[in-house]
Amino acid sequence: MATPGPVIPEVPFEPSKPPVIEGLSPTVYRNPESFKEKFLRKTRENPVVPIGCLATVAALTYGLYSFYRGDSQRSQLMMRTRIAAQGFTVTALLLGLAVTAMKSRP
């Protein structure tokens, strides 16, 4: 059996340019959005997720405060509320992803 020789690329690789792949046209963002712009855009697309996050933080904070004060019943209730708020947030996130995926279909 003959051993194959070294593979020599036709065009030398240039690190400053992205590689050309058939069927793929890389997009270059001309106007990169800032963190604030991206946050506001994502909040407008799916406003329920930030509400769920705030509810989770509120339940956690109040539950820890109740634990610190020694009110164990209220603390337990708030920890259960936190779990419900987390479930609500994850569900909203998944539904938002599903809606976005359905909108992008032709």
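The residues of the chain are indexed from 1 along the displayed sequence.
Residues meeting the side-chain contact (heavy atoms from CB on, under 4.5 Å) test with Leu95, sequence neighbours left out: Thr91. Annotation: side-chain contact (heavy atoms from CB on, under 4.5 Å) contacts of Ser72 (sequence neighbours excluded): none. Every side-chain contact (heavy atoms from CB on, under 4.5 Å) that Ala85 has, sequence neighbours left out, goes to Ala55, Thr56.
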Review item, side-chain donor-acceptor pairs of residues 45-54, under 3.5 Å, at least two apart:
unit_1: Glu45; atom_1: OE2; unit_2: Arg41; atom_2: NH1; d: 3.1
unit_1: Asn46; atom_1: ND2; unit_2: Ala92; atom_2: O; d: 3.3

Exercise answer: donor-acceptor pairs, residues 73-84 side-chain atoms, under 3.5 Å, sequence neighbours excluded:
unit_1: Ser75; atom_1: OG; unit_2: Gly63; atom_2: O; d: 3.3
unit_1: Thr81; atom_1: OG1; unit_2: Leu77; atom_2: O; d: 2.8
unit_1: Arg82; atom_1: NH1; unit_2: Gln86; atom_2: OE1; d: 3.3

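Atom OG1 of Thr43 sits about 11.5 Å away from atom NZ of Lys38, to the nearest 0.5 Å.
The salt bridge (Lys or Arg N to Asp or Glu O under 4.0 Å) contacts involving residues 57-69 comprise nothing, where partners must be two or more places apart or lie in separate chains.
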